[in-house]
Amino acid sequence: MTETTSPDKPTLLLIDGHSMAFRAFFALPVEKFSTTTGQHTNAVYGFTSMLINLIKQERPTHIAVAFDLSTPTFRDAQYDAYKAGRSATPNEFKGQIDLIGRVLTAMNIRTVTAEGFEADDVIATLATQGEDADFDVLVVTGDRDAFQLVDDAVTVLYPRKGVTDLPRMDAAAVEEKYFVPPNRYPDLAALVGETADNLPGVPGVGPKTAAKWITQYDGLEGVLAHADEIKGKAGESLRERIEDVRRNRQLNRLITDVDLPVGLDHLGMSAPDREAIDELFDALEIRTLQPRLFELFGEQEEPPGADDVVGPELTTPSTAAELTAWFAAAPGPVALLPLVEGTDCAALVLVAEDAPGDEDGAPRDAVGARIDLTALDADAEAALAGWLGDRAAGKVVHDLKTVYKLLRGGRGLVLDGVVDDPSLSGYLLQPDRRSYELADLAQHHLRISIAANDAAGSQTELDLTGDEEQTRLATATRNGIVLLRLSRYLTDELVARGSADLMTRLELPLAKVLGDMELAGIAADSAHLTALTDDFSTSIDAAQKEAFAVIGKEINLGSPKQLQAVIFDDLGLPKTKKIKTGYTTDADAITDLIARTDGHPFLVALLAYRDASKLRQTVEGLVKSVADDGRIHTTYVQNIAATGRLSSMNPNLQNIPIRTDEGRRIREVFVVGGGYRTLLTADYSQIEMRIMAHLSGDEALIQAFRDGEDLHRFVGSHVFDVAPEDVSPAMRSKVKAMSYGLAYGLSSFGLSKQLAIGVDEARNLMGDYFSRFGAVRDYLRGIVETARKDGYTSTIEGRRRYLPDLSSDNRQLREMAERAALNAPIQGSAADIIKKAMLGVDRAIEAQGLSSRMLLQVHDELVLEVADGEEEQLTALVREQMAGAADLSVPLDVSVGLGRSWHEAAH
DNA sequence: TTGTCACAACA
DNA sequence: TTTGTTGTGACAAG
């Protein structure tokens, strides 16, 4: 009778959604659970976590989550003050119910509501239906009224604390706690009262007294009938409150025959929608629940064809003839996976698969080969090199740039003819994704689960035993098959969307160019680096000493926490903008404080300290990055920035200082390397504003660029209605800030902040701006509208960015998406253009047989290393390729400089 | 050891 | 309450 669920009976799990979400909300610290956009997720997390645990422990066959509606219920109609006096829902909780609803939908769990009734009534109704159908029923709720449902078949899981501690309240447990059987619990509650529902009971009567009466008079009716006989103060109170008690009893009776839109048939458990779960949890930045969730269902149901992908047997062609024969016989494009020993590519695994066929998992003919690169004779190596470099021999590779570098850098083998790289095609399809690992893409697009550890096409363990070697090869061939299927899917999607050209003509060939740039690296002047470190260290020491002298003690100037204590407590300076951990001490705020305190020496020293430490830190990073060849090799990442830009890592060479003189000195350490004559830098001037002019078609702006005027002076003269020569530096800088801000979705408030002017002045400025450049305003408005309608923005080249948050109910999310929508076509088109220019420069250098080479890209700038005697030809070539990379209604202006260092080559 | 925050550098 | 990045030290939690 008190045992848990019977193994042979179906189990129905019923959850009071609001009640448990609320418990979860208070159980988990709200400040620890929120997304970067400020959406709180502690209740979502706690609720989902609880749900996963419940499913795991109870293994229900059927499940439903009931919610209250915000509309009045019959209880409100009967009693005005029902649930009155509750404190307002915390703001942090609002919206999370909605998110929980979305989680449930993604998990294929029904949510049930009924107009005019509470979740408890829905649960009571379903519990009764379940009981009638001979189910074991589990009710999870923080509402004690549910105890009345408990009997042999129905058990309530009532949270003791938080949402993980859910004791089973069966009949015995209820009776033990309240001294009455479950069916009499509402009698007891009517006497005792329920604060949460604003139902006062009889003063001085607690569960013990109430239970005694109920037992003595055989139920509440008996108690009320004999009210006159009850002695003492409690009896008196009871007689005074009889009407309240009757009302309480009426209100706490749960309705068991609510007319519901679903029945038990609709509540069967099924596997979650993995794609929807991934998407939702990604958006909520909840990372730890997916594995638990999928683990839970992993053993239950798998989509057909998943997890049983097996690679083909491997042959080991090793002579030129065998290799040539294998290449000739391979059906379709060949998946190519390197096997790495240390940093060297020791072998290649090649896999090809017969025609696509259907998706029913029917066997297909696949072939596989392992080519041991260390054991090829000259002829065989030539045969392999010929095939690898054969543009007509199609290959599919994951992470092309890495594989290209591996083969080219390690063995001088040039890889060409790559028709797809899922890390790039996946990126073009979904540029906001964080990971393009094979395992993630396969899971997401094909629903094929492969262990993340296995996903890398290469592993670095040495001295593998025979078994480990076999496992490694099996993994590689399996991944080869997954790679081919994934590639087919992604390529079809790209073609369907019309983005195939972006892939084959831009991103794929660019991977090779970037690979060459990374291999080349840029020469570093080590002596200069050391000197800079010393210089900056001296400045740091001086600033630190000064700062300590002012406050009379030594603190860690790098600790925002300690800084806050000194600035706002010890020195008692005015508070700055609030942040999570107190008040900000960022450079803007400190500069502002300096102005307000007439140059407080501590703050001045702090800024000096910050500047110098930042610079030293940058220099130290560079020192560590100098390779054995005396050059710095950055890594470009082609699939991080959602707009289409590249990013640069280890070290980041796209954020080397330039704005201040001190910082600019760091550019002196990037120098021309041995065997070359000089460095060349070439950059687009105002490319984003030019794209804005082109896309908006604003005649005035276009004319300005065609006339080759100083853009900001020109715009200033229009906005302020003065002659161009009368535009003051102040006017120019305001206009400049606004021009760039517009492309970022700047508001008048933001503009006023940035320019330190009033909001009214900023608003007027924007008004004047738009009255002169109306097409710009129309264009910006149109972008957001179109993006909301289509769900994505497009660059000139057709690169898309999806922005589902444009139709979010959350204002903050929506407005962020709107600003991203304004920016994406502009930043993205600029990225497309310089990528095209890089391909053009690379091809032209090759075509003209030059020895000069491209080294760096910094968004709108290229740095090249110029071979002796090629200065003029290269300058012309670069200008031509960069200026000709796009056909806009305005010219693309390119400025070029030459010099021994990056600093000197600047212009 | 790991994850998050504040801060700062670039286009 | 202006977009997109990478990297560092401090700090708290595991």
Side-chain angles (χ1 to χ4, degrees), chain A residues 29 31-36 38 285 287-288 431-432 555-564 577 579-590 606-607 610-622 624-625 634-637 640-660 662-664 666-667 683-688 737-755 759 762 766 780 793 801 803 811-812 815-828 830-831 834 856-861:
Chain A
E31 65 278 2
K32 291 275 172 198
F33 294 84
S34 57
T35 66
T36 49
E285 297 168 28
R287 274 171 282 279
T288 50
D432 280 281
I555 63 163
N556 181 351
L557 292 175
S559 162
K561 205 174 157 187
Q562 295 178 43
L563 282 176
Q564 286 178 31
K577 197 176 69 175
I579 54 172
K580 282 183 192 160
T581 53
Y583 299 92
T584 183
T585 64
D586 68 16
D588 265 2
I590 298 297
L606 172 61
L607 282 189
R610 283 245 179 95
D611 285 347
S613 344
K614 179 74 185 172
L615 293 173
R616 185 175 68 178
Q617 177 192 296
T618 304
V619 173
E620 282 173 342
L622 292 176
K624 287 189 203 120
S625 303
T634 185
T635 303
Y636 289 103
V637 193
I640 289 274
T643 52
R645 272 192 179 178
L646 298 176
S647 74
S648 157
M649 269 181 17
N650 302 318
N652 182 354
L653 295 186
Q654 291 180 323
N655 72 343
I656 302 301
I658 193 168
R659 290 182 227 228
T660 66
E662 280 293 287
R664 214 156 24 229
I666 298 179
R667 293 189 175 226
D683 59 58
Y684 286 116
S685 57
Q686 294 147 346
I687 186 167
E688 295 195 341
M738 180 147 61
S739 287
Y740 281 101
L742 286 179
Y744 300 148
L746 184 66
S747 61
S748 50
F749 181 89
L751 185 67
S752 76
K753 268 264 153 144
Q754 202 199 315
L755 295 177
V759 181
M766 285 182 91
L780 292 173
T793 61
R801 176 167 186 193
L803 294 162
R811 194 180 110 185
Q812 197 187 355
E815 290 181 344
M816 274 178 73
E818 285 169 358
R819 292 192 293 268
L822 290 173
N823 180 251
I826 297 172
Q827 192 182 112
I834 193 153
L856 304 178
Q857 188 252 45
V858 191
H859 307 308
D860 65 355
E861 172 186 13

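Sequence lines set the chain letters: A, B, ... in the order given, protein chains first and strands last, and positions in each chain run from 1. Remember, it's a predicted structure, so these values are computed and weren't measured experimentally.
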In whole angstrom, give the distance that lies between atom [atom1] of [X] and atom [atom2] of [N].
X	N	atom1	atom2	result
A/L780	C/dT3	CG	P	14 Å
A/L803	C/dT3	CG	P	12 Å
A/L746	C/dT3	CG	P	9 Å
A/E815	C/dT3	CD	C1'	15 Å
A/N556	C/dT8	CG	C1'	13 Å
A/I834	C/dG4	CD1	C1'	15 Å
A/L653	C/dT6	CG	P	13 Å
A/L557	C/dG9	CG	C1'	13 Å

Any non-hydrogen side-chain atom of [X] less than 4.5 Å from a side-chain atom of [Y]?
X	Y	value
A/Y684	A/H859	no
A/T618	A/P657	yes
A/D611	A/E662	no
A/N652	A/T634	no
A/L622	A/L653	yes

Identify whether any heavy atom of [X] sits under 4.0 Å from a base atom; if not, whether one sits that close to sugar-phosphate; answer base, sugar-phosphate or nothing.
X	result
A/K753	nothing
A/S613	nothing
A/R801	sugar-phosphate
A/A642	sugar-phosphate
A/L751	nothing

Worksheet item: If you find the nucleotide of DNA chain C closest to A/P431 and the one closest to A/G750, which residue's nucleotide is nearer the 5' end?
Response: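 Result: A/G750.
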Discussion item. At under 4.0 Å between heavy atoms, how does the protein contact nucleotides 6-11 of chain B? Give one character per nucleotide, 5' to 3', with B, S or -.
Written reply: SSBBBB
Worksheet item: In Å, rounded to the nearest 0.5 Å, how long is the span from CG of A/D432 to CG of A/L803?
Response: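 It is 6.5 Å, given to the nearest 0.5 Å.
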Worksheet item: If you measure from CG on A/L856 to OH on A/Y636, what distance do you get to the nearest 0.5 Å?
Response: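 If we round to the nearest 0.5 Å, A/L856:CG and A/Y636:OH are 4.5 Å apart.
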Item to complete: Using the criterion of both pairing distances under 3.5 Å for Watson-Crick and G-U wobble pairs, give all stems of 3 or more consecutive pairs involving DNA chain C.
Response: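 Result, WC/G-U stems under 3.5 Å: B:1-11 with C:3-13.
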Discussion item. A/R659: which residues meet the salt bridge (charged side-chain N to carboxylate O under 4.0 Å, His left out) condition with it, sequence neighbours left out?
Written reply: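 Per chain and number, A/R659 pairs via salt bridge (charged side-chain N to carboxylate O under 4.0 Å, His left out) with no residue.
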Would you indicate, yes or no, if [N] has its OP1 or OP2 atom less than 4.0 angstrom from a side-chain nitrogen or oxygen of [X]?
X	N	value
A/S559	C/dC11	yes
A/S747	C/dT2	yes
A/R819	C/dG4	no

Worksheet item: Among A/R610, A/Q564, A/K561, A/Q562, whose side chain to side chain donor-acceptor pair (under 3.5 Å) with A/T585 holds?
Response: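 Among the candidates, only A/R610 passes.
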Worksheet entry | Flag, side chain of A/R645 to backbone of A/Q827, donor-acceptor distance under 3.5 Å |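 Pair absent, no side-chain N/O of A/R645 close to backbone of A/Q827.
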